[in-house]
K.L.:
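Please read through the structure below; I'll follow up with questions.
All heavy atoms count here, side chains included; hydrogens, waters and symmetry mates do not. We count ligands from 1, going down the list as the structure has it; atoms in each ligand are counted the same way.
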Amino acid sequence: MNDQQRDIVVAIDGPAASGKSSTAKAVAASLGYRHLDSGAFYRAVTLAALDRGIPPEQWDALSAADLHAFEINAEPADTGFALSIGGEAVGDRIRSLEVNAQVARMAALPPVRAWLLDALRAAGRGGGLVADGRDIGTVVFPEAELKIFLICEPEERARRRLLQQGRREPDAAEVRAEASRLVERDRIDESRAVAPLRQADDAVILDTTPLSFDEQVRAIATLAAERAGA
Ligand code: CDP
């Protein structure tokens with residue numbers, strides 16, 4: 001990076017399985033920035049509540065003190081942030097089917113969002129960041145220098161998510177079932193009262209349906225390099 005450039009914040013938002021996290025991670029690597037996966041924070045809160053045996057019907061009674069007691073911590077790591085619960089790395093358990101099914105319910109709760117907003121902003125202090133989620137460009141980092149809203153056809157998102165989960169080329173029925181789960185999660189995320197999923201007015205919309213992964217990463221990294229120029 002030359003002297004004419006500054007560290008900026010890149011916000012990537014979009015619906016479920018639109019490729020935000022993997023794209024954000026690759027864009028961050030190409031810029032030498034840190035990646036902040038905000039969905040992982042919502043997933044960690046959901047996993048902590050499930051592990052403690054708190055039934056989802058009781059989650060709307062969770063207070064900031066209850067959330068604090070979950071002992072969720074985010075430490076800057078080489079290329080991103082290491083999340084732990086009670087001192088233990090969260091690992092892949094935050095991507096389980098049960099967390100997938102319950103996370104949007106948890107993420108709709110105002111005390112949970114308020115609590116994580118502080119944690120996410122603290123993690124992002126100082127710039128040089130690519131953050132992805134649902135409300136990054138609208139609420140978490142409204143001053144981000146570059147905002148991207150990724151969109152993609154539900155069936156293509158479903159196909160990619162199933163492949164990411166290690167399935168071989170999924171059949172049409174599997175794709176349809178996964179697409180309907182993704183659309184249902186989007187419906188909850190778009191209709192909640194606090195910080196719903198929506199594109200920021202100044203976001204660049206990128207439809208990734210016809211793009212390869214490398215093409216979408218390159219498109220965003222190029223825009224980011226332009227915005228980082230003096
Ligand atoms: O990777 P995928 O798109 O499946 O989901 P994610 O980015 O890991 O986010 C999981 C869930 O967390 C979303 O469905 C939202 O309910 C919630 N979330 C949110 O409300 N706000 C964010 N900034 C990020 C995630």
Side-chain angles (χ1 to χ4, degrees), residues 9-28 35-50 56 59-60 67 72 74 80-81 83 90-124 129-142 144 147-154 156-165 178-200 203 208 213 216:
V9 173
V10 179
I12 303 182
D13 290 302
S18 53
K20 300 172 303 293
S21 286
S22 44
T23 305
K25 189 173 180 192
V27 171
H35 171 218
L36 179 65
D37 172 2
S38 69
F41 286 62
Y42 288 92
R43 290 173 177 275
V45 176
T46 307
L47 177 64
L50 291 169
W59 289 355
D60 53 4
L67 296 168
I72 294 170
F81 293 86
L83 274 176
V90 294
D92 283 348
R93 293 182 60 230
I94 58 169
R95 317 252 163 227
S96 70
L97 294 179
E98 200 182 4
V99 172
N100 281 351
Q102 299 296 348
V103 60
R105 177 198 276 256
M106 183 64 90
L109 301 175
V112 172
R113 299 205 74 83
W115 189 72
L116 281 185
L117 185 59
D118 288 344
L120 292 169
R121 285 191 178 148
L129 189 79
V130 183
D132 76 274
R134 303 292 186 288
D135 61 341
I136 302 299
T138 51
V139 175
V140 182
F141 298 122
K147 300 177 187 178
I148 304 286
F149 197 79
L150 284 187
I151 56 172
C152 182
E153 293 296 333
E156 178 58 17
R157 289 191 268 140
R159 197 183 69 83
R160 291 178 186 170
R161 177 52 52 98
L162 291 167
L163 289 173
Q164 183 190 37
Q165 288 168 351
E178 181 64 13
S180 71
R181 285 190 286 269
L182 296 175
V183 168
E184 170 58 11
R185 187 139 62 90
D186 293 341
R187 192 192 61 73
I188 300 174
D189 288 339
E190 284 164 354
S191 58
R192 69 178 171 232
V194 183
L197 165 65
R198 72 171 181 82
Q199 82 202 47
T208 74
F213 183 70
Q216 71 202 37

K.L.:
Is the closest basic N to carboxylate O distance between R192 and D189 below 4.0 Å?
P.N.:
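Yes, charged N to carboxylate O under 4.0 Å.
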K.L.:
Going by distance alone, is a donor N or O of one side chain under 3.5 Å from an acceptor N or O of the other, for Y42 and R113?
P.N.:
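Note: Y42 and R113 side chains meet the donor-acceptor criterion.
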K.L.:
Of the protein's non-hydrogen atoms, which lies at the shortest distance from atom 8 (O) of ligand 1, and what is that distance?
P.N.:
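I find the closest protein heavy atom is R43 NE, 2.7 Å.
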K.L.:
Considering heavy atoms of the protein only, find what lies nearest to atom 7 (O) of ligand 1 and give residue, atom and distance to 0.1 Å.
P.N.:
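Residue, atom and distance for the closest contact: R134 NH1, 3.1 Å.
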K.L.:
With backbone taken as N, CA, C and O and side chain as the heavy atoms from C-beta onward, which portion of A17 lies under 4.0 Å from ligand 1: side chain, backbone, both, or neither?
P.N.:
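A17 to ligand 1: backbone contact only, side chain stays beyond 4.0 Å.
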K.L.:
Starting from atom 2 (P) of ligand 1, find the nearest protein heavy-atom neighbour and note its residue, name and distance.
P.N.:
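In this structure, atom 2 (P) of ligand 1 has R161 NH2, 3.6 Å as its nearest protein heavy atom.
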K.L.:
Would you say the side chains of N100 and R43 form a donor-acceptor pair under 3.5 Å?
P.N.:
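There is such a pair (donor and acceptor under 3.5 Å, judged by atom type) between the side chains of N100 and R43.
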K.L.:
Report the C-alpha distance between E184 and R181 in whole Å, list the side-chain angles of each, state the deciding distance to 0.1 Å, and finish with yes or no for salt bridge (Lys or Arg N to Asp or Glu O under 4.0 Å).
P.N.:
CA-CA 5 Å; E184 170 58 11; R181 285 190 286 269; over 6 Å; no
K.L.:
Which option wins on minimum heavy-atom distance to atom 20 (O) of ligand 1: R181, R157, R113, Q102?
P.N.:
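When every heavy atom of R181, R157, R113, Q102 is considered, R113 comes closest to atom 20 (O) of ligand 1.
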K.L.:
Between R192, R185, K20, which one has a non-hydrogen atom sitting closest to atom 5 (O) of ligand 1?
P.N.:
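Minimum heavy-atom distance to atom 5 (O) of ligand 1 goes to R185.
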K.L.:
Got a sec: does the CZ of R95 have more than 12 other heavy atoms crowding it under 6.0 Å?
P.N.:
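For R95, atom CZ is crowded (more than 12 foreign heavy atoms under 6.0 Å).
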K.L.:
Taking atom types as modelled, find out whether R160 and T208 have a side-chain donor-acceptor pair closer than 3.5 angstrom.
P.N.:
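Distance-only check passes for R160 and T208.
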K.L.:
Could you list which atoms of ligand 1 come closer than 4.0 Å to a heavy atom of D189?
P.N.:
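Counting from 1, the qualifying ligand atoms are 13 (C), 14 (O), 15 (C), 16 (O).
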K.L.:
Please compare G39, A16, S22 and report which has the shortest non-hydrogen distance to atom 25 (C) of ligand 1.
P.N.:
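Minimum heavy-atom distance to atom 25 (C) of ligand 1 goes to G39.
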K.L.:
Please could you name the atoms of ligand 1 that D135 approaches to less than 4.0 Å, counting only its heavy atoms?
P.N.:
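Under 4.0 Å from D135, ligand 1 has these atoms: 21 (N), 22 (C), 23 (N).
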K.L.:
Give a yes-or-no answer on whether the side chains of Q216 and T23 include a donor-acceptor pair shorter than 3.5 Å.
P.N.:
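Yes, side-chain donor-acceptor contact under 3.5 Å.
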K.L.:
Are the side chains of L120 and L36 in contact, using a 4.5 Å heavy-atom criterion?
P.N.:
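Sidechains of L120 and L36: in contact.
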K.L.:
Using a strict cut-off of 4.0 Å, indicate which atoms of ligand 1 neighbour a heavy atom of A107.
P.N.:
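Once the distances to A107 are compared, the set is 16 (O), 17 (C), 20 (O).
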K.L.:
Considering heavy atoms of the protein only, find what lies nearest to atom 24 (C) of ligand 1 and give residue, atom and distance to 0.1 Å.
P.N.:
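Ranking protein heavy atoms by distance from atom 24 (C) of ligand 1, first comes S38 OG, 3.2 Å.
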